[in-house]
K.L.:
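Here it is, the structure, as structure tokens.
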Amino acid sequence: PHRVSHLLPWSMLVCEGRRLFDHLPVGVLPNLACVPLMQANPVTAPKVTLFGSMDDRLAAISAQEECGSIAEIYAERGGLFRPALVDQPASRGAFLDLLRESNAEGSILHIACHGDFDAREPMSSGLHLSDGKMEAATIAREAIRFDEVILSACSTGQRALSANGIELVGDELLGLVGAFIEAGTKSVLVSIPPTLDVPTLEFMKCYHNFRSQGTAPLVSFQGTQRTMLDEGIFEPWQWAGFSAFGVS
């Protein structure tokens, strides 16, 4: 994609009378330079680490509820990498320790929190943790071993159209997605617009049901979209903003 096309939920577009994800799994490749960085064979028996911090005054679903629901899915299959860090323990220091975990290859990091996007300083976009904000610039400097990162937070897939007065016309991807990819993540699932708490929880539970059984990330994303659409409990616009970045 180029310019504002980066802001489209491509998998939701209509092709021959059907959503594009009904034809095939759809992910976004940020730029061609990412190909060697993101090449990986998805793990068929993944383990998950859960990290969450939400202000209950701003969220209908707590981080404890979201992380607990996902933990149950993986616990049945022996797929918990380490105990969840939720609410007060979900601090900036704990987050950096997690990113530096040396044995996390092939694992999934699921983060449930509030996020923001700074259009003027995209690398100042970040995740709001229990003791402050973790900015994209800090994440980009790490060497992350987690193959997959899921950001269950608002506007984490936003892309800057300009930075410091310079128009970003194509390949540049400044923000949280770019930060995680630069740090070593092979697959990132994010939301371009703000999220809605209840539909997001159901979307994430459905995604992890697929992924915990060894289904590849993009195919898990497609299966989740099909399930959400077929069940019809939530209108498509309530979950259409999720996008998968990666090559798997």
Side-chain angles (χ1 to χ4, degrees), residues 46-95 97-99 101 104 107-117 126-134 146 148-157 176 180 187-213 215 217 220-221 223-225 227-244:
K47 294 185 180 294
V48 70
T49 293
L50 300 157
F51 190 96
S53 177
M54 292 186 186
D55 185 340
D56 291 342
R57 296 169 298 177
L58 303 175
I61 303 294
S62 68
Q64 188 74 50
E65 183 176 353
E66 180 169 330
C67 291
S69 296
I70 295 168
E72 289 179 5
I73 295 171
Y74 284 86
E76 295 176 358
R77 303 179 173 97
L80 293 176
F81 181 65
R82 57 179 296 173
L85 292 170
V86 182
D87 295 331
Q88 286 305 313
S91 64
R92 289 175 296 177
F95 187 74
D97 287 344
L98 196 57
L99 296 188
E101 172 62 59
S107 298
I108 302 168
L109 175 59
H110 179 102
I111 305 165
C113 66
H114 297 296
D116 67 30
F117 174 72
L127 305 172
H128 293 270
L129 308 181
S130 64
D131 61 348
K133 183 176 173 180
M134 176 59 63
F146 288 95
E148 303 168 40
V149 171
I150 297 165
L151 300 179
S152 181
C154 292
S155 307
T156 46
L176 284 165
F180 277 103
S187 174
V188 188
L189 180 61
V190 294
S191 176
I192 296 172
T195 59
L196 296 172
D197 297 329
V198 178
T200 294
L201 175 60
E202 294 306 311
F203 191 97
M204 292 301 171
K205 287 164 59 178
C206 187
Y207 176 86
H208 284 290
N209 267 316
F210 282 105
R211 189 68 188 97
S212 64
Q213 298 178 67
T215 307
S220 295
F221 180 50
T224 300
Q225 292 174 306
T227 301
M228 296 287 285
L229 189 64
D230 291 345
E231 289 183 349
I233 298 172
F234 301 101
E235 294 293 329
W237 67 266
Q238 296 179 298
W239 47 268
F242 285 102
S243 289

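Residue numbers run from 1 in the order of the sequence given. Atom set for the values below is all heavy atoms of this structure, side chains included, hydrogens, waters and symmetry mates excluded.
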K.L.:
According to salt bridge (charged side-chain N to carboxylate O under 4.0 Å, His left out), who are the partners of Glu66, at least two apart in sequence or on a separate chain?
P.N.:
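Expected list: none.
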K.L.:
Go through the structure and list residues passing ring pair (Phe, Tyr, Trp, His ring centres under 6.0 Å) with Phe203, not counting sequence neighbours.
P.N.:
Phe242
K.L.:
Within the structure provided, determine whether Cys113 and His128 are in side-chain contact (heavy-atom separation under 4.5 Å).
P.N.:
no
K.L.:
Closest approach of Ala90 and Gly52, non-hydrogen atoms and distance?
P.N.:
CB-O, 3.3 Å
K.L.:
Ring pair (Phe, Tyr, Trp, His ring centres under 6.0 Å) with Tyr74: which residues, sequence neighbours excluded?
P.N.:
His208
K.L.:
Between the main-chain N or O of Gln88 and the side-chain N or O of Ser130, is there a donor-acceptor pair closer than 3.5 Å?
P.N.:
yes
K.L.:
Determine whether Thr227 and Phe210 satisfy the following criterion, side-chain contact (heavy atoms from CB on, under 4.5 Å), listing intermediate values before the conclusion.
P.N.:
CA-CA 11 Å; Thr227 301; Phe210 282 105; 3.8 Å; yes
K.L.:
Atom CD1 of Ile150 and atom OG of Ser187: how far apart are they, to the nearest 0.5 Å?
P.N.:
7.5 Å
K.L.:
Side-chain contact, heavy-atom cut-off 4.5 Å: Cys154 with Thr195?
P.N.:
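They are in side-chain contact.
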K.L.:
Apply side-chain contact (heavy atoms from CB on, under 4.5 Å) to the pair Leu176 and Val188, showing each step before the final yes or no.
P.N.:
CA-CA 10 Å; Leu176 284 165; Val188 188; over 6 Å; no
K.L.:
Holding to side chain to side chain donor-acceptor pair (under 3.5 Å), I want the full list of residues that pass it with Ser212, two or more places apart in sequence or in another chain.
P.N.:
Arg77
K.L.:
Give the minimum heavy-atom separation between Cys67 and Ala112, together with the two atoms involved.
P.N.:
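It is SG-CB, 4.4 Å.
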K.L.:
Is there a side-chain contact between Ile111 and Val149 (heavy atoms, below 4.5 Å)?
P.N.:
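Side-chain contact under 4.5 Å: yes.
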K.L.:
Would you tabulate the side-chain donor-acceptor contacts of residues 229-236 under 3.5 Å, counting partners in other chains and residues two or more places apart, or write 'none'?
P.N.:
none

K.L.:
For Ala153 versus Gly115, what's the shortest heavy-atom pair and its separation?
P.N.:
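Heavy atoms only, the tightest pair is CB-N, 3.9 Å.
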K.L.:
Starting at CG of Asp197, measure out to CD of Gln238 and round the result to the nearest 0.5 Å.
P.N.:
11.5 Å
K.L.:
With Tyr207, which residues qualify under ring pair (Phe, Tyr, Trp, His ring centres under 6.0 Å), at least two apart?
P.N.:
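Ring pair (Phe, Tyr, Trp, His ring centres under 6.0 Å) check on Tyr207 returns nothing, list empty.
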K.L.:
Quick check: do Leu127 and Phe51 have side-chain heavy atoms less than 4.5 Å from each other?
P.N.:
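A side-chain contact under 4.5 Å is absent here.
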K.L.:
Over all heavy atoms of both residues, which pair between Ser243 and Ile192 is shortest? Give the atoms and the distance, please.
P.N.:
OG-CD1, 3.5 Å
K.L.:
Any donor-acceptor pair under 3.5 Å linking the side chain of Thr49 with the backbone of Phe81?
P.N.:
no
K.L.:
Please enumerate all residues that pass side chain to side chain donor-acceptor pair (under 3.5 Å) together with Arg82, with sequence neighbours excluded.
P.N.:
none
K.L.:
Identify the two heavy atoms, one from Gly157 and one from Val190, that lie closest to each other, and give their separation to 0.1 Å.
P.N.:
CA-CG2, 3.5 Å
K.L.:
Grab the two heavy atoms, one from Met54 and one from Ser62, that are nearest each other, plus how far apart they are.
P.N.:
SD-C, 4.1 Å
K.L.:
Contact between Val48 and Leu80 at the side-chain level, heavy atoms closer than 4.5 Å - yes or no?
P.N.:
yes
K.L.:
Please evaluate residues Ile61 and Thr200 with respect to the criterion side-chain contact (heavy atoms from CB on, under 4.5 Å), reporting the C-alpha separation (whole Å), side-chain torsions for both, the decisive distance (0.1 Å), and the verdict.
P.N.:
CA-CA 9 Å; Ile61 303 294; Thr200 294; over 6 Å; no
K.L.:
With sequence neighbours left out, write down each residue that passes salt bridge (charged side-chain N to carboxylate O under 4.0 Å, His left out) with Asp131, or none if nothing qualifies.
P.N.:
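Result, salt bridge (charged side-chain N to carboxylate O under 4.0 Å, His left out) vs Asp131: Arg92.
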K.L.:
Using the side-chain contact (heavy atoms from CB on, under 4.5 Å) criterion, which residues pair with Ala240? Sequence neighbours excluded.
P.N.:
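With neighbours one apart ignored, the set is Met12.
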K.L.:
Which residues pass the ring pair (Phe, Tyr, Trp, His ring centres under 6.0 Å) test with Phe146, not counting sequence neighbours?
P.N.:
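Ring pair (Phe, Tyr, Trp, His ring centres under 6.0 Å) check on Phe146 returns nothing, list empty.
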K.L.:
Taking side-chain contact (heavy atoms from CB on, under 4.5 Å) as the definition, give me every residue that meets it alongside Lys205, ordered by chain and number, with sequence neighbours left out.
P.N.:
Ser69, Ile73, Leu201, Glu202
K.L.:
Atom CD1 of Ile70 and atom CD of Glu65: how far apart are they, to the nearest 0.5 Å?
P.N.:
11.0 Å
